Amino acid sequence: MEDQEPGPAGDEHAASVGVAALTGTLCAALALAVGEFADALSPRLESFVIAVGDVFVDLTPGPLVRTSIETLGMAQKAVLLGGITVGTLAVGALTGILAPSHRRLSLGVIAALTLFGGWATSRSPLTSPAWSWAVVAIAACAAAGALHFAPGPVRRRAPPPDAPDDPRIRYADRRGFLEWAGGISVASVALVGVGRTLLADDTVQVARRRIVLPAPATTTTAGTTTTVTTTTTGPESTTTPPTTTEAGLPTAGDLSPYLTPNPDFYRIDTALTVPVVDPGDWKLSVTGMVDEPYDLTYDEILDMDLVEETVTLACVSNEVGGNLVGNAVWTGVPLAGILERARPQPAAGQILGLSVDGFTAGFPLELATDGRTAMLAVGMNGEPLPLAHGFPARLVVAGLYGYVSAVKWLSEVVLDSWEGVDGFWIPRGWAKEAPIKISSRIDTPRTRRLSAGRQPVAGVAWAPLGGIAAVEVSIDAGPWQPCRLGEAASGETWVQWLHTWDAQPGEHRIEVRATGRDGLVQPAEPVPPAPNGAEGHHVVRVSVA
Ligand SMILES: Nc1nc2c(c(=O)[nH]1)N[C@H]1C(S)=C(S)[C@@H](COP(=O)(O)O)O[C@H]1N2
Ligand SMILES: [Mo]
C-alpha cells in the first residue's frame, strides 16, 4: 500500500500502522488458539498460556512469590493467565508493526516466541515433549501462513498493473483485509470453542463418578454426625425452634458447619489448571531411602483396609480470621503401613510427597508413626477426592500446614534424609517445619449492622493435635467470657463455639481467643503468615441499632 502511495498522509499512515498491528495480533491469536485446542485434545498437551503461567509460578524468585501460597487463589490465576494472553497479543501487534520495516527483527521475535513456547509446554512433567514441540511447530506454521496471506502493509504488494486511483485500491485492500481478519478470527474462536467442548478431562470425571469407595474399616467420625433437626413452623408459630448443627450446637448465623462441604472447601495450589489424572494409568511409587521400593495402583489402594479420619486442613497463608481452613472426613490408608512395606533405611528422616504436577512437600518421617493421622487419602467427605482436591490420591497429615504435607495428585512418596531435600515452598522463604498454630475465628456476626438484643457470636477454633480446651470472647475489651463448644471428632479437628451476646445499641468490638488442651492461650500479638503461620486475635467491629 505504501508502495503505491507517494507520501502517505498522517491518517493514512496511522491506518496502515493499525492494520499492521491488527495483523500481528490476529496471527498471535491464531497461534495461541492452536495451543488451546491442543490442550483440550490430550492431558499430555498444555496450552501455551498455561505453560507460560507455570514458568512464572516456578521461576519467580523466592521473595517475590513469598505470598503466593495465598495469592495464587482463583482470581490471581485468572489475572496471570489473562495477562499472559494480552501480553502475547501485544507482542504480536508490535511484531506486525515492525514487520514491514524490520523484517529480520520481527522474524527473530517470532522464532524466539516459538522456542519459548516449545520449551514452556515441554518442560512440565505432565506433558509429552515431542508432541509439545509438534504443537508449537503447527502453531508457528499457522501464524506464519496467516501472515503470508495477510493483505495490507505487512506484506508489500506491487500495485495491480491497471491500478485505478488510490482510494479505490485502498478500498479493495480494506475489503481483502477484512475478509482475512474475519477468517483468522473465526478460525481462532473455533479452535478454542471446539477445544473447550471436547474437554479431554471428561473421561476422568466419568471415571471418578463411577468409583464407589469401599466402606472404611474404622472411623473417628462416629458420634459427631447427629441428625440435623428439621423444623416445621406453621403460620401461627411465633418462635422458630432451634435447629442444630451436626456438632451439637444450635445453628447460628453464618457459623461454619462442622464438616466443610467439598464445594466450599478452600483450594490452594500452584497448578494453573487442575491436573487431570486417569486413575486407570496412575500409580503411586514408594521410593528413595527404602530397601524395597514398590508401586501401588489405585485399585490396590481401594483393596486395602481403609480408615476414615476427620482432620482440619489449614493453609499457612491464612490470615487471622481468614477462610483458608476447612474440616473434612478423609478416607484412605495410614501412611505408616505404606512406608513399612518399603522398609525404610536408617538414614531416612523425611517423607517427601511428589505431585504429578511437580509440586513437592516434605515433613519429618517420625510424624507418620507418632499416632497422629498421616494418611494416603482417596476420599473426602464420603466421595472420591474431587479433582481440585487431589484426585486420585493425596496426603493428609494432621497438625501440619498443607504446604509441608498435603500433596495433591500424589505420584510418589520419596524417603530422604531431613537435610537431603526441601519441598517446593522452602527455598521460597517458608519454614521447613510447620505445625499448625492455635487459632480461632468469628464467623458470625460478620456484618457491620446488627439489631439490639440477644445475638449469637459464633465461629470455629482449632489447635491440632491436642485440640481446643476453651474459647472465650471479649466485648469492648471487657472480661473474657467462656463460650459453649461443639463436639469434635478429635483434637485434630476444629470445634465450633458459640456465645450469646446481649447487644446494646452503639459501636462494639468483639474479640475471640482460644486455649489449647495443652494450656497454651492463643497469643494476641499480631504475626504475619510468613514464614510459619499468622498469630493474633480475630476482632470484628459491629454497629448495633
Ligand atoms: N500438588 C499440589 N499439592 C498441594 C499444593 C500445591 O500447590 N500443589 N498446595 C498445598 C497447600 S499450600 C495447601 S494449603 C493444601 C490445600 O489443599 P486443598 O486445596 O485441598 O484445600 O494443598 C497442598 N497440596
Ligand atoms: Mo497452603
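Note that these values count all heavy atoms, side chains included, but never hydrogens, waters or copies made by symmetry. First listed ligand is number 1; within each ligand, the first listed atom is number 1. Remember, it's a predicted structure, so these values are computed and weren't measured experimentally. One is the number of the first residue; the rest follow in order along the sequence.
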| Per-atom contacts of ligand 1 with Ser355, taking only distances under 4.0 Å to non-hydrogen atoms | 1 (N)
| query | Does the ring of Phe265 carry Arg267 above it, NZ/CZ under 6.0 angstrom from centre and within 45° of its axis? | reply | no
| Charged N-O contact under 4.0 Å between Lys283 and Glu300 | no
| field | Per-atom contacts of ligand 1 with Cys315, taking only distances under 4.0 Å to non-hydrogen atoms | value | 14 (S)
| field | Lys432 to Trp425 six-membered ring, cation-pi geometry met (6.0 Å, 45°) | value | no
| request: Using a strict cut-off of 4.0 Å, indicate which atoms of ligand 1 neighbour a heavy atom of Thr270. | output: 6 (C), 7 (O)
| field | Separation of Asp39 CG from Arg196 CZ (nearest 0.5 Å) | value | 7.0 Å
| task | Tell me, please: is Ala271 in heavy-atom contact with ligand 1, that is, under 4.0 Å? | result | no
| So, Glu535 and Lys437, do they make that salt bridge, N to O below 4.0 Å? | yes
| query | Do NZ/NE/NH1/NH2 and the carboxylate oxygens of Glu511 and Arg509 come within less than 4.0 Å? | reply | yes
| query | Going by distance only, is there an N or O of Phe359 that falls short of 3.5 Å from an N or O of ligand 1? | reply | no
| message | Could you tell me, atom by atom, which parts of ligand 1 come under 4.0 Å of a heavy atom of Phe265? | response | 21 (O)
| field | Polar contact flag for Lys408 and ligand 1 (N/O pairs, less than 3.5 Å) | value | yes
| request: Going by heavy-atom distance to atom 24 (N) of ligand 1, choose the closest among Gly326, Gly358, Ala406, Ala314. | output: Ala406
| request: Look at the rings of Trp462 and Trp494 and say which category their plane angle falls in: under 30° parallel, 30 to 60° tilted, over 60° perpendicular. | output: tilted
| With atoms numbered from 1 as shown, which atoms in ligand 1 lie under 4.0 angstrom from a non-hydrogen atom of Tyr403? | 11 (C), 12 (S)
| Does Trp409 approach ligand 1 within less than 4.0 angstrom via side chain, backbone, both or neither, non-hydrogen atoms only? | side chain
| query | Quick check: does His389 get an N/O under 3.5 Å from an N/O on ligand 1? | reply | yes
| task | May I ask you to say whether Arg446 pairs ionically with Asp254, meaning some side-chain N is under 4.0 Å from a carboxylate O? | result | no
| For atom 15 (C) of ligand 1, which candidate among Leu410, Asp269, Ile268 provides the closest heavy atom? | Ile268
| message | Checking contacts here: is it the side chain or the backbone of Val316 that comes within 4.0 Å of ligand 1, counting heavy atoms only? Could be both or neither. | response | neither
| said: Counting only heavy atoms closer than 4.0 Å, does ligand 1 sit against the backbone of Leu324, its side chain, both, or neither? | reply: neither
| Between Arg428 and Trp430, is NZ or CZ placed under 6.0 angstrom from the six-membered ring centre and within 45° of the ring axis? | no
